[in-house]
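In what follows, a single structure is set out as structure tokens and then discussed.
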Amino acid sequence: MSYDLQREKGAARPAPSEELALSALSLDPHDWALFLDIDGTLLDLAETPESIVVPASLPFDLGALSQKLGGALALVTGRSLSFVDPLFSPFRFPVAGLHGAERRDAAGHLTRVPISADFAEMKRAIAVEAERWAGVLVEDKGAAVAAHYRLAPEYRAEVEAMMQRYFAKAGPDWALQHGKMVVEIRPARADKGQAVEAFLAEAPFKGRRPLAIGDDVTDEAMFHAVNRVGGHSLRVGSPGQQTHARGLISSPAILRRTISTLVS
Ligand SMILES: O=P(O)(O)OC[C@H]1O[C@H](O[C@H]2O[C@H](CO)[C@@H](O)[C@H](O)[C@H]2O)[C@H](O)[C@@H](O)[C@@H]1O
Ligand SMILES: [Mg+2]
């Protein structure tokens, strides 16, 4: 079933997806729950995982939006939980990390994944093996590991083959996650769609219509999850991509500007 925001709100003329969906949040803030990806959605992509820039106003705009939504705003990211909080300080939003495998709910309860000795050894082996490819970065995310080739795209095939090989040895508790110039091995226990479903079963998200905004393959699971329950989904990027998302936002900057307008 296609959820027609434009018709429901009686808009007089077609408008870009981001304006429609986000102005619906503003009109009925107690009806909606918002799920936001971080890299490539709220934040512009950067050359390395560490070199992202969080505009100074963004945490405060998100804090104001969260308050407007009665706290029903969660971050759903491939990053680890421990990486996320300092980005949005002084706020600590409900968050799902490692593509859904770990989660902190609105009441502050944590679900984490223990790091086994075998996985720690695998991370070390991947880091050592990647040293031979100048520019390839290995990101240790605790219970997940990512190999980035953004600075060395000529090694894409080698990086993919290496991660595939370690994934094949890792066993059924692990998933291979492709992303933007990155391949990751992450816990298979939950994806972003399952994380969104878990939030939607709890206060203050429960009973609200979900809107999910993301930019990448990993976000397709949450697009699917929110569409299935009559919510709405927006993909950040250019037109023409294969996606479950029902609308498009052209860039993180446009999303940030729209959020800022909603709370000003
Ligand atoms: O689910 P997300 O919040 O979008 O996180 C996905 C991955 O984002 C990061 O990698 C991506 O962004 C980097 C910084 O802009 C960029 O350098 C890299 O090429 C992108 O793949 C992060 O480093 C990963 O751990 C996340 O899983
Ligand atoms: Mg992203």
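The model shown is predicted, which means the values in this text are computed figures rather than measured ones. Start at 1 and go down the list; that is how both ligands and their atoms are numbered.
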Next on the checklist: For atom 16 (C) of ligand 1, what is the closest protein heavy atom, and at what distance to 0.1 Å?
Outcome noted: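 For this ligand atom, the closest protein heavy atom is Ala46 O, 3.3 Å.
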Checklist entry - So which protein heavy atom does atom 23 (O) of ligand 1 come closest to, and at what separation? => result Glu139 OE1, 2.8 Å
Item to check | Transitive ILVMFWY side-chain link Leu58 to Leu211, under 4.5 Å | outcome: yes
Checklist entry - Hey, is the Mg ion (ligand 2) within less than 2.8 Å of some N/O/S atom on Asp219? => result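 Of the N, O and S atoms in Asp219, none lies under 2.8 Å from the Mg ion (ligand 2), which means no.
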Checklist entry - Would one find an N, O or S atom of Asp39, in either backbone or side chain, under 2.8 Å from the Mg ion (ligand 2)? => result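 It does; at least one qualifying atom falls short of 2.8 Å.
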Next on the checklist: Taking only non-hydrogen atoms of Lys192, do any sit less than 4.0 angstrom from ligand 1?
Outcome noted: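 For ligand 1, residue contact (heavy atoms, under 4.0 Å) with Lys192 is present.
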Checklist entry - Counting heavy atoms only, which part of Val182 comes closer than 4.0 Å to ligand 1: side chain, backbone, both or neither? => result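 For Val182, only side-chain atoms sit under 4.0 Å from ligand 1.
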Next on the checklist: One residue to check: Thr48. Relative to ligand 1, which of side chain, backbone, both or neither has a non-hydrogen atom less than 4.0 Å away?
Outcome noted: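 It is the backbone that gets close, since no side chain atom is under 4.0 Å.
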Checklist outcome for this item: Ranking His178, Glu47, His148 by closest non-hydrogen atom to atom 10 (O) of ligand 1, top hit is His148
Item to check | Atoms of ligand 1 close to Ile52 [distance to a heavy atom under 4.0 angstrom, numbered from 1] | outcome: 14 (C), 15 (O)
Checklist entry - Near Lys180, which atoms of ligand 1 are under 4.0 Å from a heavy atom of that residue? => result 18 (C), 19 (O), 20 (C), 21 (O)
Checklist entry - For the residue pair His244 and His224, does the interplanar ring angle fall in the parallel (under 30°), tilted (30 to 60°) or perpendicular (over 60°) class? => result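 His244 vs His224 ring planes: tilted.
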Checklist entry - How are the rings of Phe60 and Phe91 set to each other: parallel, tilted or perpendicular (split at 30° and 60°)? => result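 Phe60 and Phe91: perpendicular rings.
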Item to check | Among Asp215, Asp39, Asp216, the one residue meeting side-chain hydrogen bond (donor to acceptor under 3.5 Å, both in side chains) with Lys180 | outcome: Asp215
Checklist entry - Taking NZ, NE, NH1 and NH2 as the nitrogens, is one of them in Lys169 or Asp118 under 4.0 Å from a carboxylate oxygen of the other? => result no
